[in-house]
2 protein chains.
Amino acid sequence: MTRGTGRGGHAAAPRSVDVARLAGVSQKTVSRVFNDEPYVSTEVRRRVLEAAEELGYRRNDAARALASGRSRSIGVVTLGTALYGPVSLLMGVERAVRDTGYALRVVNTVEGDPAGIAGAVDSLLDQGVDGIVVSEPIDESGGEGRGEGEIALRADVPVLVLGAPSPVTAPTVLTAGGGAGLMARTATEHLLDLGHMTVHHLAGPQRWYAARDRLEGWRATLTAHDREVPPVVEGDWSAASGHRAGRALAEDPGVTAVFAANDDMAIGLIRALLEAGRRVPEDVSVVGFDDTPVAAFVTPPLTTVPQPFDAVAREGLKRLVHAIEHPGAAPLPSSDPPVGLVVRASTAPPRAPGPGSALTGRRRPRGRSGPAGGASVPSTTAS
Amino acid sequence: MTRGTGRGGHAAAPRSVDVARLAGVSQKTVSRVFNDEPYVSTEVRRRVLEAAEELGYRRNDAARALASGRSRSIGVVTLGTALYGPVSLLMGVERAVRDTGYALRVVNTVEGDPAGIAGAVDSLLDQGVDGIVVSEPIDESGGEGRGEGEIALRADVPVLVLGAPSPVTAPTVLTAGGGAGLMARTATEHLLDLGHMTVHHLAGPQRWYAARDRLEGWRATLTAHDREVPPVVEGDWSAASGHRAGRALAEDPGVTAVFAANDDMAIGLIRALLEAGRRVPEDVSVVGFDDTPVAAFVTPPLTTVPQPFDAVAREGLKRLVHAIEHPGAAPLPSSDPPVGLVVRASTAPPRAPGPGSALTGRRRPRGRSGPAGGASVPSTTAS
DNA sequence: TTGAAAGCGCTAACAT
DNA sequence: ATGTTAGCGCTTTCAA
């Protein structure tokens with residue numbers, strides 16, 4: 001490639017020195033202008049900007065990164081699924097990253113890939129990102145128990161783990177959005193408050209830390225209320241898996257309330273219950289998790305726990321960027337967003353209330369469950 | 001920064017010359033090894049790899065990009081929504097990009113942003129991407145008509161437009177996944193085949209080219225069959241908007257069949273019909289679009305047109321990478337994936353069939369609608 | 001407030 | 001099959 005041949009192969013892309021020449025200043029001054037550095041007279045700045053505009057100058061990020069040692073980009077590791085939760089979080093991350101002025105590089109992990117997260121992080125590190133976001137980590141080790149699948153990263157940049165308490169080990173690790181346990185408690189207590197003797201749990205795949213969190217939150221709540229802890233049914237987040245689980249659950253007349261770890265599974269579950277002749281919520285109450293856009297419009301409209309994806313992403317990124325830009329400093333404090341519950345028509349008191357629940361009417365539990373929460377959508381059970 | 005200070009600020013990151021020294025070869029040889037260039041003896045290659053491993057060498061992408069003029073990365077412009085369609089396409093793109101060995105940079109456009117796609121493309125160009133993918137373009141010009149919102153990009157790299165015929169102008173533009181019109185035809189003809197006199201359309205927002213396509217496909221089909229073309233109801237892709245539209249549609253007894261431009265709107269629509277006392281499919285048949293994971297499990301299970309996101313992404317990327325790597329060559333030919341239809345329980349013949357439809361039983365139309373397609377899921381309408 | 005010089009770590013072209 | 005020599009276009013000192 002002869003000097004002056006640009007990307008396209010025809011016209012040479014203008015460089016900062018070309019701009020400098022045209023503006024009658026030094027190349028360094030052009031650099032100053034484009035980096036908003038101080039000590040540039042407004043007159044010079046104007047001339048430089050004008051010259052740049054005329055030439056169609058566009059600063060070369062690779063050169064910038066090479067010279068400065070920083071790429072001004074953040075890498076994110078997500079699952080390659082279209083699942084509502086992970087995707088919403090990813091979109092929140094994109095927005096948050098863009099707001100900070102960094103660029104975004106994305107690598108998906110394939111579920112079941114042994115290299116998994118570590119491999120994805122590695123490819124991001126190769127790209128020279130300044131920070132890394134791991135969204136919704138999964139334990140690929142095959143172990144079921146907590147802590148077995150520690151993910152050790154040899155990352156020399158700060159890492160933010162989103163959506164679950166961190167199983168990740170690296171020099172600098174931050175966490176945000178680990179409030180699923182509390183949310184699961186809210187869901188479970190809602191059903192208990194309605195008078196159900198106990199609550200069944202349709203869990204997410206236990207390789208997901210987020211799924212473990214919800215399960216633990218549910219179990220802890222039952223235990224705290226001295227209730228029997230029924231066996232867990234595990235799905236894979238899909239409505240299809242919820243449907244399968246529902247077929248089994250429908251045969252057990254003892255099941256009067258189910259907390260599903262996400263809305264999709266709740267929808268499949270409800271479908272299976274209806275097919276088996278069990279009415280929702282008259283015979284069985286169902287609570288979901290996520291508050292997907294369709295949750296309000298399925299039949300019956302789903303009571304569910306909304307997830308604050310955007311708030312989590314924004315807060316996490318603020319802290320990540322802080323860690324990137326102030327390597328020595330103490331990490332910014334984390335704050336958990338409030339937990340809500342949207343009560344719709346898929347939950348009701350049990351048919352044959354157990355002892356002590358006679359007092360319990362259709363109470364509205366804590367959270368954003370007032371008129372505004374549930375009333376925005378009709379909660380009649382159709383036909 | 002004194003020489004030798006790496007990203008972290010403590011230990012110097014090893015460079016290829018360090019590896020060379022340790023392996024007892026020239027720096028260029030290290031470069032050869034890492035680029036899989038020919039003319040490296042296996043013995044030398046082994047030594048280099050060993051030295052690199054020992055030092056924890058990681059090649060510097062910025063330097064590579066600067067020296068070679070190529071970043072080996074592809075930028076994608078998407079909407080910042082969690083909508084099933086755009087997201088599935090994005091995931092397909094990520095997979096396809098990764099398979100080609102390129103890195104992925106993502107920029108979202110905010111709906112309603114005047115800078116819109118052009119602005120997003122610009123920021124990608126700043127980052128020095130080798131190619132650009134525009135997924136699901138939107139016309140931000142405010143015009144409703146076709147062609148009004150031409151998006152002129154001053155991109156010096158190839159651009160791939162995904163999901164709709166290209167409204168984008170740039171030196172090199174490729175298109176993939178523009179088969180929505182044909183899919184809309186399939187959906188519409190399914191309803192006509194069942195004996196419905198005409199088919200209403202619940203359209204997507206007409207600023208989306210994909211939504212316009214589906215509408216045109218529907219309209220063309222009705223016209224081709226000499227049927228009345230009812231007024232279009234426009235939603236915003238959400239179940240909530242489908243619900244609103246459904247309330248209006250439910251009042252018109254002439255409505256016996258509706259083709260919704262996506263599944264979410266179809267779900268909201270069905271909910272509204274049920275609330276209004278109109279049964280689905282007995283009184284009104286509904287066809288969706290997408291085949292989201294929940295479509296099979298809502299009540300009634302939704303008849304819908306699946307979208308081949310992965311195939312579209314893969315094919316589009318193959319052609320984009322070809323255009324990147326063979327600037328002069330003729331573009332690879334495009335091939336449209338087959339159109340399918342999944343028949344479930346939300347469609348049926350009309351109650352009071354019009355003339356000529358007496359012959360028309362519950363026929364199964366073209367596409368993957370055989371036993372395998374519909375039978376994987378129970379299609380009974382529950383309680 | 002501005003400029004000159006010296007790299008950043010790699011690939012490209014040309015030896016050998 | 002391997003080494004040498006020049007840059008790539010910026011940021012970073014340091015000087016003026």
Side-chain angles (χ1 to χ4, degrees), chain A residues 1-9 12-21 23-48 52 55-73 125-128 130, chain B residues 1-9 12-21 23-48 51-52 55-72 125-128 130:
Chain A
M1 188 190 290
T2 41
R3 166 143 52 67
T5 301
R7 275 196 279 269
R15 299 154 301 149
S16 59
V17 51
D18 300 320
V19 176
R21 201 144 34 216
V25 298
S26 80
Q27 184 271 333
K28 170 71 226 189
T29 298
V30 174
S31 169
R32 283 209 179 86
V33 169
F34 276 86
N35 288 312
D36 279 321
E37 282 174 40
Y39 302 126
V40 185
S41 70
T42 43
E43 158 59 11
V44 167
R45 156 167 279 115
R46 196 190 52 68
R47 272 198 349 250
V48 168
L55 259 30
Y57 170 70
R58 164 166 280 160
R59 122 184 106 186
N60 183 319
D61 244 50
R64 212 157 104 95
L66 178 57
S68 68
R70 303 190 9 177
S71 67
R72 279 146 250 252
S73 72
L125 253 18
D126 275 351
Q127 294 180 46
D130 295 336
Chain B
M1 189 192 290
T2 41
R3 164 142 56 66
T5 302
R7 276 196 278 268
R15 299 152 302 150
S16 59
V17 53
D18 299 320
V19 176
R21 200 144 35 215
V25 299
S26 80
Q27 184 271 333
K28 173 68 225 189
T29 298
V30 175
S31 168
R32 283 209 178 86
V33 170
F34 276 87
N35 288 312
D36 278 320
E37 282 173 41
Y39 302 126
V40 185
S41 70
T42 42
E43 158 59 11
V44 167
R45 157 167 280 116
R46 196 191 51 68
R47 275 203 341 257
V48 168
L55 260 31
Y57 170 69
R58 164 164 278 158
R59 113 187 117 189
N60 184 320
D61 243 51
R64 213 157 104 94
L66 178 57
S68 69
R70 303 189 10 181
S71 68
R72 278 147 250 253
L125 255 17
D126 274 351
Q127 294 180 46
D130 296 336

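Hydrogens, waters and symmetry mates are skipped; everything else that's a heavy atom, side chains included, is used. Note on naming: letters A, B, ... go to the chains in the order of the sequence lines (proteins, then strands), and numbering restarts at 1 for each one. These numbers come from a predicted model, not from an experiment.
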*Which of these nucleotides, C:dA13, C:dT2, C:dG3, is closest to any side-chain atom of A:Lys28?*
C:dG3
*Is the phosphate of C:dT2, meaning OP1 or OP2, less than 4.0 Å from a side-chain N or O of A:Ser41?*
yes
*Which whole-number value in Å describes the distance from B:Asp130 CG to C:dT11 P?*
14 Å
*asked:* Rounding to an integer number of Å, can you tell me how far B:Leu66 CG sits from C:dA12 C1'?
replied: 13 Å
*Does any N or O in the side chain of B:Ser16 come within less than 3.5 Å of the main-chain N or O of B:Val30, such that one atom is a donor and the other an acceptor?*
no
*Indicate whether OP1 or OP2 belonging to C:dC10 is found under 4.0 Å from a side-chain N or O atom of B:Tyr57.*
yes
*asked:* If I take atom CZ in residue B:Arg64 and atom C1' in nucleotide C:dC8, what distance separates them, rounded to the nearest angstrom?
replied: 17 Å
_Test item: B:Arg32 side-chain N/O and B:Glu37 main-chain N/O as donor-acceptor pair under 3.5 Å_ = no
*asked:* Would you say A:Ser26 places a side-chain N or O within less than 4.0 Å of OP1 or OP2 belonging to C:dG3?
replied: yes
*Answer yes or no: does a side-chain N or O of A:Ser16 lie under 4.0 Å from OP1 or OP2 of D:dG9?*
no
*What's the CZ-P distance between A:Arg70 and D:dG9, to the nearest Å?*
22 Å
*Side chain of A:Ala67 (C-beta onward), nearest among D:dT11, D:dT12, C:dT2*: D:dT11
*Write down the distance between CZ (B:Arg15) and P (C:dG7), rounded to a whole number of angstrom.*
12 Å
*Within the side chain of A:Arg59, is there an N or O that forms a donor-acceptor pair under 3.5 Å with the backbone of A:Arg64?*
no
*To the nearest Å, give me how far apart CZ (B:Phe34) and C1' (C:dC10) are.*
13 Å
*Nearest-Å distance, CD (B:Glu37) to C1' (C:dC10)?*
12 Å
*Could you tell me whether the side chain of B:Arg58 has a donor or acceptor atom within less than 3.5 Å of a complementary atom in the base of C:dG9?*
no
_Side chain of A:Thr29 only, heavy atoms from C-beta on: which candidate in C:dT11, D:dT2, C:dG3 is closest?_
C:dG3
_Value rounded to 0.5 Å, distance of CD in B:Gln127 from CG in A:Asn60_ = 12.0 Å
*asked:* Counting C-beta onward and ignoring hydrogens, is there a side-chain heavy-atom pair between B:Asp36 and B:Arg45 closer than 4.5 Å?
replied: yes
_Distance, rounded to the nearest Å, where A:Arg32 contributes CZ and D:dC10 contributes C1'_ = 14 Å
*Is the shortest side-chain N/O distance from A:Asn35 to OP1 or OP2 of D:dT11 below 4.0 Å?*
yes
*Any idea which of C:dT11, D:dC10, C:dT2 is nearest the A:Gln27 side chain?*
D:dC10
_Regarding A:Asp61, tell me which of base, sugar-phosphate or nothing describes its non-hydrogen contacts under 4.0 Å with the strands shown._
nothing
